[in-house]
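Data block below; observations after.
Protein chains get the first letters and strands the later ones, always in sequence-line order, with residue 1 at the start of each. Computed from heavy atoms alone, side chains included, the values below leave out hydrogens, waters and symmetry copies.
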2 protein chains.
Amino acid sequence: MSETASRPTLEAVAARAGVSRATVSRVVNGGEGVREPLVERVRRAVEELGYVPNQAARSLVTRRHDAVAVVIAEPETRVFADPFFALQLRGISKELTAHDSQLVLLLTEGRDDHVRVGRYLSGGHVDGALVFSLHLDDPLPGLIHGAGVPTVFGGRPGWGEGTRDIVYVDSDNRGGARDAVRHLVGLGRTRIGHITGPLDQTSAVDRLEGFRDVMVGGDPRLIVESDFTPAGGERAVRELLERCPDLDAVFAANDLSASGALRALRERGRRVPDDVAVIGFDDMLPVAEQTDPPLTTVRQDIEEMGRLMARLLLGGREPRGTGPEREAGNAPSGVVLPTTLVRRASA
Amino acid sequence: MSETASRPTLEAVAARAGVSRATVSRVVNGGEGVREPLVERVRRAVEELGYVPNQAARSLVTRRHDAVAVVIAEPETRVFADPFFALQLRGISKELTAHDSQLVLLLTEGRDDHVRVGRYLSGGHVDGALVFSLHLDDPLPGLIHGAGVPTVFGGRPGWGEGTRDIVYVDSDNRGGARDAVRHLVGLGRTRIGHITGPLDQTSAVDRLEGFRDVMVGGDPRLIVESDFTPAGGERAVRELLERCPDLDAVFAANDLSASGALRALRERGRRVPDDVAVIGFDDMLPVAEQTDPPLTTVRQDIEEMGRLMARLLLGGREPRGTGPEREAGNAPSGVVLPTTLVRRASA
DNA sequence: GCCACGTTTGAGAGCGCTCCCTGGCGCCCG
DNA sequence: CGGGCGCCAGGGAGCGCTCTCAAACGTGGC
């Protein structure tokens, strides 16, 4: 039952059920075109022997692996320490499970790893790849895109804008930012500052664009470039207050920097939201709910992004072997998920 | 180069290099016992053709997979939203990479998944498993332990205490807790409260034990069971202050609950650390450094735990194929990593 | 009652690789 | 200078599975 007793093979099951290997194979893979009594007999034999198909042998002939690589490029540790990827992984995992696929996690550390990952992906060990790349100058996505592996990107890649065959899933960063800023405007605020994220990330750029969409002709000095960290948020607010002492609202590009902003505002004696209204982005719960006051922010459904990425990669493939392998690429080249404004106390 | 052009096989490389398949195989797998000029020729052919071994074919005969499953049981979403697993995964990933192994991530959602994971693991798709189980009543670890797959647990499992063949890696929760409480005592504090974690987790239990080790004969009413969350920490502090208004220190079982404690103390007009000193556990940076005041806490090297788990699982196996497959199990049944007290402003 | 056709089942090849074993060759020693 | 030994390369089997193809088995219609 346990130990080194080598696992039963198809052959063994066939012998036990008194049929041929081919028949067992058919039953194991869906049982189409096998008469009921035989199906039953085979099923029982499988059960009794505790047969589990040898995936290696199967892959060898089918050239399918029922496995998908998830590549997370991680130039900074910070990125990895937030719940973002965790949630996305969850979504991915759920969807892959539904498709009987495994999740092979590839974390890259520095440039050398690109080679390793590239080799792995083009080595045909997986059916596809889900790639997260946050930085515009990251060579990895390009590499992968050239590796000839079906790929879906998480977040809008910074290059190949109009390229038809790049598939990605992103949230509506720009639209979400617009909603946030419009909300501030609706509150009667006029001197609205924006704390950006690192502008080598498309999400930060898109949020900035959304801000600009609403504040057309606004004072460019009300935009301070920052880095998605609480400390950066603090610095940015100090800068903003210096440039514009009667600032009455802040839109921070993420919750972390918003939390820093909150702290700096309190320290400077500004009441939130009375004097200055604050809105963040992400709705990262441990942060957004715990700030003082709780943060109004833009929520994105991160887990759903993950699910969608997996679904897109697996294409029209139904939960196991049915249907066409892949709808010939008329997939949308970019899918953008909606965001919603979550009102709490800060604005 | 790209596209569907089927990848080159050993055969192709052999033809190109003018040698036999066997020779190419030898070269690819270390090149022992092949004369230099041939090695060179084969290497070049591999390079030119962009040959990558077919892992499925290889596994089929070697019965090795160069892959390790990482199983994360996740009854609560909260658990996953903290950076803990992320860091551990990093450590694991690094070590596996060094051993040319892949990381197959298995996230479980609810009971049904146990079956799936069990089948997968006993299906012989991976060389071993790294399992994280946080709760005492989780049936998963038991299941896996019975599946006949080499396994290393992350964190002390709640059962099979003395069992010789259970291998796990944990931090020194008890010792770390002792250090923290001793530090408070050294500060002259005498009315020290403890906010525990969920006591169905061994880490929480061990930290409580450490607290008790130092506070022998202490008032049991100074121990409040909580849940590792900020909100729980707040509640616990209110409870503690009610029971003991002149409380002068709090040891919280993790940083998150410590942050809640900090807030509740401020709200109740207690100054930290003047009136009440506070120590957390984990040194979860985004939290510990950002609290007001910054949190004194117990650091554990989470990434190293991950590395160690992987190293233990892979046994004495050197970076690829050399050495014995596995030192016959005289491995230590539990490895406990040291913790260090990180002094910041809160105590 | 017989033949043509559709449906099930079985036989066999082969996926790409490793590894055992044999054959060939150079070299050392007698 | 010849025999034996050791080292290196190649041949070939076979890992467990899928999938094509052909055989066997009905079944219905004429």
Side-chain angles (χ1 to χ4, degrees), chain A residues 4-43 45-46 49-67 100 122-125 127 320-322 325, chain B residues 4-43 45-46 49-67 100 123-125 320-322 325:
Chain A
T4 333
S6 63
R7 20 200 81 280
T9 71
L10 247 204
E11 189 79 52
V13 177
R16 175 129 193 163
V19 297
S20 72
R21 280 198 327 276
T23 300
V24 178
S25 176
R26 277 186 279 257
V27 170
V28 169
N29 292 291
E32 304 278 311
V34 177
R35 214 131 19 180
E36 190 49 41
L38 271 200
V39 172
E40 198 43 51
R41 243 175 41 224
V42 172
R43 288 252 162 80
V46 165
L49 263 44
Y51 170 75
V52 181
N54 179 322
Q55 183 64 38
R58 182 180 272 174
S59 294
L60 186 56
V61 27
T62 60
R63 275 123 200 300
R64 272 190 41 189
H65 300 84
D66 292 320
D100 268 307
S122 32
H125 302 302
D127 300 326
R320 198 53 218 288
T322 341
E325 272 306 71
Chain B
T4 331
S6 62
R7 16 204 85 280
T9 72
L10 246 205
E11 189 78 53
V13 178
R16 174 127 192 165
V19 297
S20 74
R21 275 193 339 269
T23 300
V24 178
S25 176
R26 277 186 279 257
V27 171
V28 169
N29 292 290
E32 304 279 309
V34 178
R35 212 125 25 175
E36 190 48 42
L38 272 200
V39 171
E40 197 44 50
R41 251 188 19 235
V42 171
R43 288 254 161 80
V46 165
L49 264 44
Y51 170 75
V52 181
N54 180 321
Q55 183 63 38
R58 181 180 274 173
S59 295
L60 186 55
V61 28
T62 60
R63 276 126 199 300
R64 272 190 41 189
H65 300 85
D66 292 319
D100 268 308
H125 302 302
R320 198 51 220 290
T322 340
E325 273 304 75

Just the table, please: protein N/O against nucleotides 17-20 of chain D N/O, every pair under 3.5 Å.
from: dC17(D); atom 1: OP1; to: Tyr51(A); atom 2: OH; distance (Å): 2.4
from: dC17(D); atom 1: OP1; to: Asn54(A); atom 2: N; distance (Å): 3.3
from: dC17(D); atom 1: OP2; to: Leu10(A); atom 2: N; distance (Å): 2.3
from: dT18(D); atom 1: OP1; to: Asn29(A); atom 2: ND2; distance (Å): 3.1
from: dT18(D); atom 1: OP1; to: Arg58(A); atom 2: NE; distance (Å): 2.9
from: dT18(D); atom 1: OP1; to: Arg58(A); atom 2: NH2; distance (Å): 3.4
from: dT18(D); atom 1: OP2; to: Ser25(A); atom 2: OG; distance (Å): 2.7
from: dT18(D); atom 1: O4; to: Arg21(A); atom 2: NH2; distance (Å): 3.2

Exercise. Within the pair Thr23(B) and dA9(D), is there a side-chain N or O less than 4.0 Å away from OP1 or OP2?
Worked result: no
Exercise. Any donor-acceptor pair under 3.5 Å linking the side chain of Thr62(A) with the backbone of Arg58(A)?
Worked result: yes
Exercise. Please walk me through it: do Asn54(B) and Thr9(B) pass side-chain contact (heavy atoms from CB on, under 4.5 Å)?
Worked result: CA-CA 8 Å; Asn54(B) 180 321; Thr9(B) 72; over 6 Å; no
Exercise. Nearest 0.5 Å, what's the CZ-CZ distance between Arg35(A) and Arg41(A)?
Worked result: 12.0 Å
For this session: Identify the heavy atoms of Val28(B) and Pro53(B) that sit nearest to each other, and give their distance.
Result: CG1-CG, 4.0 Å
Seminar exercise, completed: When Gly33(B) and Leu60(B) are each assigned the nearest nucleotide of DNA chain D, the 5'-most assignment goes to Gly33(B)
Exercise. Just by modelled atom types, is the Ser122(A) backbone N or O under 3.5 Å from a matching donor or acceptor in the Arg7(B) side chain?
Worked result: yes
Exercise. Can you give the first and last nucleotides of DNA chain C, 5' to 3', that have an atom under 4.0 Å from a heavy atom of chain A?
Worked result: dT8(C) to dG16(C)
Exercise. Can you tell me how far the CG atom of Leu10(B) sits from the CG atom of Leu49(B), to the nearest 0.5 Å?
Worked result: 11.0 Å
Exercise. Do you know the tightest heavy-atom contact between Arg26(B) and Val34(B)?
Worked result: CB-CG2, 3.8 Å
Contact list (N/O, under 3.5 angstrom) for nucleotides 26-28 of chain D vs protein:
none

Exercise. For Gln55(A), does its backbone N or O pair with a side-chain atom of Ser59(A) as donor and acceptor, under 3.5 Å?
Worked result: yes
Problem set entry | His125(A) side-chain N/O to His65(A) backbone N/O, donor-acceptor pair under 3.5 Å | no
For this session: Starting from the C-alpha separation in whole Å, work towards a yes-or-no answer on side-chain contact (heavy atoms from CB on, under 4.5 Å) for Val27(B) and Leu38(B).
Result: CA-CA 9 Å; Val27(B) 171; Leu38(B) 272 200; over 6 Å; no
